[in-house]
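As the structure is a computational prediction, the values presented were derived from the model and not from experiment. Order of the sequence lines fixes the chain letters, A, B, ..., with proteins taken first and strands second; residue numbering starts at 1 for each chain.
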Protein chains: 2
Amino acid sequence: MTTAKLNLDNYLPYLVNRVGTSIAEQFGAEALAPYGLSIAMWRVMAVLASTGAQRQIDLAALTSIEVSTLSRIVTRMVRMGVVSRTRSTSSTREVVVKLTAKGNGQVERLIPIAHDYESVATAGLPADDVAVLKRCLRRVYANMRNRQVTAVAAA
Amino acid sequence: MTTAKLNLDNYLPYLVNRVGTSIAEQFGAEALAPYGLSIAMWRVMAVLASTGAQRQIDLAALTSIEVSTLSRIVTRMVRMGVVSRTRSTSSTREVVVKLTAKGNGQVERLIPIAHDYESVATAGLPADDVAVLKRCLRRVYANMRNRQVTAVAAA
DNA sequence: TTACAATAGTTGTATCTACAAGTATTGTGC
DNA sequence: GCACAATACTTGTAGATACAACTATTGTAA
């Protein structure tokens with residue numbers, strides 16, 4: 001009987017986790033700290049900048065942040081003046097989160113830095129490989145999301 | 001003057017984060033919960049199973065868990081009986097963390113499930129692409145780690 | 001229209017996390 | 001070998017997170 005073995009250096013979740021952690025740590029400490037922003041806040045702002053105003057529940061899905069956690073993060077961000085939270089006109093149980101001018105200004109200054117980080121991260125890799133990398137990550141996410149949905153539907 | 005734009009769907013840190021989160025969420029809820037293990041604990045056990053007994057500081061680096069956080073996690077794991085913490089013989093300020101028989105048994109049962117998750121995650125992707133994906137992730141990590149070391153050395 | 005289910009968001013609470021500051025041990029230069 | 005720096009780990013404390021339970025609003029089916 002052979003013992004199940006796990007080669008970490010070739011195990012996708014491990015590789016993904018350490019990359020995510022290392023990028024977030026450095027970007028947070030160097031780029032975000034001056035603005036008093038956390039990584040979670042940056043993710044919210046990046047999503048809003050990229051996809052426009054969102055309901056909190058959609059924002060939660062887009063940022064991978066749990067809804068109750070996001071609720072409090074948005075509260076803090078409103079206090080900081082970087083986003084606004086207004087009741088939806090169509091449905092008053094919904095809320096619309098939107099970047100303020102101040103928040104928008106900060107993202108504008110952060111986006112070039114974010115691109116720099118991406119360049120550093122992919123340094124030395126052929127453009128073709130980076131394209132494959134990103135395509136694979138999109139597919140992996142789709143696979144996991146599909147699995148999730150199927151599992152929930154079956155329950 | 002053109003406004004800096006961030007296309008999230010092509011932004012590496014975003015793609016990495018959502019993949020890491022989705023895998024961890026599902027693996028945690030489905031595979032780990034029955035054992036009362038958190039993702040952080042699983043990471044510790046996976047590293048120990050894969051690389052053998054480790055000092056806490058090395059374990060911290062290998063798991064991407066901050067040292068003080070890891071200290072408390074190991075304390076909990078010792079109480080659960082899945083790892084042992086003993087003073088190093090060579091240096092009593094060091095500590096050696098090791099899987100117990102119980103801990104080892106749990107990892108053995110979890111490793112096949114972990115492999116299943118990896119299969120689900122990479123379903124539909126050509127083996128060549130998966131190879132590129134993993135190679136890229138290793139390189140990206142090396143790039144970020146190198147950047148970190150250089151920055152710290154300069155300070 | 002009225003009841004009931006589903007959806008969106010918030011809040012209570014326990015737990016987890018991370019920074020900073022602490023203790024203890026080991027290494028190093030004089 | 002003695003002072004001082006560096007390393008390994010722990011702990012105090014404040015803040016962040018997640019689950020569950022809650023309120024409020026909207027959808028739906030009889």
Side-chain angles (χ1 to χ4, degrees), chain A residues 17 20-22 24-30 32-33 36-44 53-80 83-98 149 152-153 155, chain B residues 17 20-22 24-30 32-33 36-44 53-80 83-98 149 152-153 155:
Chain A
N17 179 61
T21 305
S22 64
E25 257 175 18
Q26 292 181 53
F27 188 71
E30 295 165 24
L32 264 29
L37 294 169
S38 66
I39 319 262
M41 289 171 179
W42 155 252
R43 285 184 184 135
V44 169
Q54 295 287 344
R55 299 184 305 163
Q56 265 181 214
I57 195 155
D58 297 326
L59 202 47
L62 289 167
T63 55
S64 307
I65 298 172
E66 199 272 335
V67 285
S68 74
T69 303
L70 182 66
S71 177
R72 288 188 236 250
I73 289 174
V74 170
T75 299
R76 276 176 249 149
M77 293 177 79
V78 169
R79 267 203 291 268
M80 293 169 69
V83 300
S84 65
R85 170 156 54 188
T86 53
R87 289 269 152 206
S88 164
T89 44
S90 56
S91 166
T92 64
R93 82 180 151 185
E94 296 176 4
V95 123
V96 175
V97 183
K98 197 166 167 291
V149 171
V152 171
Chain B
N17 179 63
T21 304
S22 64
E25 257 175 18
Q26 292 181 53
F27 187 71
E30 295 165 25
L32 264 30
L37 294 169
S38 67
I39 318 263
M41 289 173 179
W42 154 252
R43 283 183 185 137
V44 168
Q54 295 286 345
R55 299 185 305 165
Q56 265 181 215
I57 194 155
D58 297 326
L59 202 48
L62 289 166
T63 55
S64 306
I65 298 172
E66 198 272 335
V67 286
S68 75
T69 303
L70 181 67
S71 177
R72 288 189 236 249
I73 290 174
V74 169
T75 299
R76 275 175 248 150
M77 294 177 80
V78 168
R79 269 202 290 267
M80 293 168 70
V83 299
S84 65
R85 170 156 54 187
T86 53
R87 288 269 153 206
S88 165
T89 44
S90 57
S91 167
T92 64
R93 83 179 150 184
E94 295 177 2
V95 123
V96 175
V97 182
K98 197 167 166 293
V149 171
V152 171

Practice item. Check whether the side chains of B/S88 and B/S90 place a donor and an acceptor atom closer than 3.5 Å, and report yes or no. Key: yes
Review point. Counting only side-chain N and O atoms of A/T92, is one of them less than 4.0 Å from OP1 or OP2 of D/dT26?
Key: yes
Check your understanding: What is the distance, rounded to the nearest whole Å, between atom CZ of B/R55 and atom P of C/dT25?
Key -> 16 Å
Exercise for review: Would you mind reading off the distance between B/I39 atom CD1 and D/dC19 atom P, rounded to a whole angstrom?
Suggested key: 10 Å
**Study point:** Candidate nucleotides D/dC9, C/dG9, D/dT25, ranked by approach to the side chain of A/E94 - the nearest
**Key:** C/dG9
Practice item. To the nearest Å, give me how far apart CD1 (B/I57) and P (D/dA6) are. Key: 14 Å
Check your understanding: Checking all strands, does A/S68 fall into the base, sugar-phosphate, or nothing category for heavy-atom contacts under 4.0 angstrom?
Key -> base
Point to revise | Rounded interatomic separation in angstrom, taking CZ from B/R93 and P from C/dA24 | key: 14 Å
Point to revise | Rounded distance [0.5 Å steps], CZ in A/R43 versus CG in A/L62 | key: 13.0 Å
Check your understanding: Hey, does A/T69 reach any base, or is it just sugar-phosphate, or nothing, if we go heavy atoms under 4.0 Å?
Key -> base
Check your understanding: Whole-Å distance between D/dA16 P and A/L32 CG?
Key -> 14 Å
Revision key, fill the gap. Taking C/dG9, D/dC9, C/dA18 as options, the one with an atom nearest any side-chain atom of B/R72 is C/dA18
Point to revise | Among D/dT17, D/dC9, C/dG9, the nucleotide that comes nearest once only the side chain of A/V95 is considered | key: C/dG9
Exercise for review: Report the C-alpha separation of B/M77 and B/V44 in whole Å, then their side-chain angles, then the decisive distance to 0.1 Å, and conclude whether the side chain to side chain contact (heavy atoms under 4.5 Å, CB included) test is met.
Suggested key: CA-CA 10 Å; B/M77 294 177 80; B/V44 168; 3.9 Å; yes
Revision key, fill the gap. In whole angstroms, the gap separating P of D/dT11 from CD of B/Q56 amounts to 11 Å
**Study point:** A/I65 vs B/Q54, nearer the 5' end of DNA chain D by closest nucleotide
**Key:** B/Q54
Exercise for review: Could you state the atom-to-atom distance from CG of B/L70 to P of C/dC16 in whole Å?
Suggested key: 14 Å
Practice item. Calculate, to the nearest 0.5 Å, the distance between atoms CD1 and OG belonging to A/I65 and A/S71 respectively. Key: 12.0 Å
Check your understanding: Distance only, no hydrogens: is a donor on one side chain within 3.5 Å (strictly under) of an acceptor on the other, for B/S38 and B/R76?
Key -> no
Revision key, fill the gap. Separation of D/dA8 atom C1' from B/D58 atom CG, nearest Å, is 10 Å
